[in-house]
Amino acid sequence: MTKKVLTIFGTRPEAIKMAPLVKELENSSLESIVCVTAQHRQILDQVLDLFKIKPDFDLNIMKNNQNLWSLTSEVLLKTKEVIEEVKPDIVLVHGDTTTSMAAALSAFYAKVPSGHVEAGLRTFNKYYPFPEEINRVFTDAVSSFHFAPTDKSVDNLIKSQVPKEHIYKTGNTVIDALLYTVENHKEEVEGLNLNPNLKTILLTSHRRENFGEPIREICKAITELTNKNKDIEVVYPVHPNPNVKEPVYELLNNKERIHLINPLEYAQFCTLMKKSHIILTDSGGVQEEAPSLGKPVLVLRDTTERPEAVEYGTVKLTGTKKENIISDVQMLLDNDAEYKKMSESINPYGDGYASKRIVDILINKL
Ligand code: UD1
Ligand code: UDP
């Protein structure tokens with residue numbers, strides 16, 4: 001009998017990284033059923049539109065400035081109904097969001113095996129990133145299939161007592177999504193007139209640990225850098241979380257050579273990454289994509305669960321202190337040799353075939 005694979009995701013990064021897998025499932029001998037929790041709404045729909053994914057279930061749970069308790073209970077209760085209706089042979093979840101954790105728990109309660117895509121990432125610090133580190137530990141604990149992107153994530157799973165025979169090194173599906181998108185969609189960024197004579201600095205930030213003072217420090221560093229360097233302009237697609245949007249617009253709106261824009265549709269964001277000179281980010285996904293595009297990344301966090309590119313030297317942990325951001329950006333602007341070292345193109349996270357490997361494993365094992 002045809003095996004049923006129920007894929008559950010809810011936020012922008014999960015959607016980007018699950019999209020190539022959903023496409024691969026649709027073209028396989030397995031039956032693919034997609035459920036979105038819509039933990040994110042607008043920025044999830046951007047991805048569904050781009051990849052032409054029509055969910056079979058849309059739980060539509062997002063509320064303005066939602067909290068972790070209500071989010072967790074909504075995902076748990078609503079996915080229960082979907083799992084009971086679909087009766088899947090496996091539930092697939094991705095990464096470390098509240099949707100991933102609660103959907104994996106829901107499958108576990110229903111005694112349906114779950115497969116964790118992007119398993120094994122760790123900082124081994126339970127509050128950093130918060131709540132993502134515990135979300136992924138938890139998701140790994142209840143899952144039966146662990147699709148680990150790198151050797152390090154495989155080692156982390158072994159350290160976490162996951163049986164070796166449940167671990168599969170597949171690469172990260174983010175590289176499948178990135179390579180497909182840069183090859184097939186070359187969309188320009190709508191409504192943004194970049195000056196070709198200036199160096200573009202791309203900034204994204206949304207982490208809960210950075211709410212409050214750290215976000216304000218980032219904004220102050222950006223203001224000082226643009227005041228001092230007349231040859232740069234900064235583009236910041238601002239995350240819709242009000243804890244981000246409010247301070248960012250208060251501190252950076254209407255400043256010369258600083259463009260605050262709405263979140264970009266993924267293909268346009270890829271175009272912008274390719275055009276950028278330097279990328280500043282606290283995003284997990286951007287840390288994985290930018291090295292493939294040969295772009296230096298300064299990470300606005302003190303620790304990362306993605307150490308591979310840091311070890312290669314194309315990503316640097318800068319943190320959120322204003323002085324450190326200013327000195328690391330200035331060094332890249334002033335020192336060509338350092339810039340060149342950090343802009344080497346590398347692919348530690350995948351080769352573009354992760355989704356295919358995952359589907360082959362599912363066909364063999366289910
Ligand atoms: C969530 C994830 C985080 C992930 C990030 C990716 C959790 C706890 N957090 O954080 O791990 O890195 O997504 O972006 O799972 N909003 C909108 N429209 C949208 C999306 C969000 O208005 O399309 C606003 C809403 O007010 C919402 C708020 O942002 O309540 C926060 O969304 P939420 O998913 O709870 O947290 P994120 O900070 O987005
Ligand atoms: N991204 C996007 N549009 C934007 C900003 C980011 O499509 O305006 C993409 C980015 O390329 C990456 C993903 O969104 O694939 C990262 O999402 P986010 O930073 O929200 O979450 P994280 O990866 O930190 O969980």
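Not measured: the values here are computed from a predicted model. Each residue takes its place number in the sequence, starting with 1. Counting convention: from 1, in listed order, for ligands and their atoms alike.
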Nitrogen or oxygen of G284 less than 3.5 angstrom from that of ligand 2: yes
Contact check, side chains of T181 and I16, non-hydrogen atoms, under 4.5 Å: no
Whether R207 lies under 4.0 Å from ligand 2, heavy atom: yes
Qualifying residue for side-chain contact (heavy atoms from CB on, under 4.5 Å) with L192, from L264, L272, T271: L272
Side chain, backbone, both or neither: E132 near ligand 1, heavy atoms under 4.0 Å: side chain
Under 4.0 Å to a heavy atom of P263 - the qualifying atoms of ligand 2, by number: 8 (O)
Backbone or side-chain N or O of N241 under 3.5 Å from ligand 1 N or O: yes
Closest candidate by heavy atom, reference atom 12 (C) of ligand 2, pool E289, K17, E132, R306: E289
Those atoms of ligand 2 less than 4.0 Å from some heavy atom in S283: 16 (C), 18 (P), 19 (O), 22 (P), 23 (O), 24 (O)
Minimum heavy-atom distance between L260 and L252, given as atom pair plus value: CD1-C, 3.8 Å
Minimum side-chain heavy-atom gap I358-E24 below 4.5 Å: no
Numbered atoms and elements of ligand 2 in range of L264, under 4.0 angstrom, heavy atoms: 2 (C), 3 (N), 4 (C), 7 (O), 8 (O)
Below 3.5 Å, can you tabulate the donor-acceptor pairs from side chains in residues 157-166 to any protein atom, sequence neighbours excluded?
unit_1	atom_1	unit_2	atom_2	d
S160	OG	R122	NH2	3.4
S160	OG	N156	O	2.7

Plane angle bin for F145 and Y168 - parallel if under 30°, tilted between 30 and 60°, otherwise perpendicular: parallel
Shortest heavy-atom approach to atom 25 (C) of ligand 1 - which of T99, N65, D96: N65
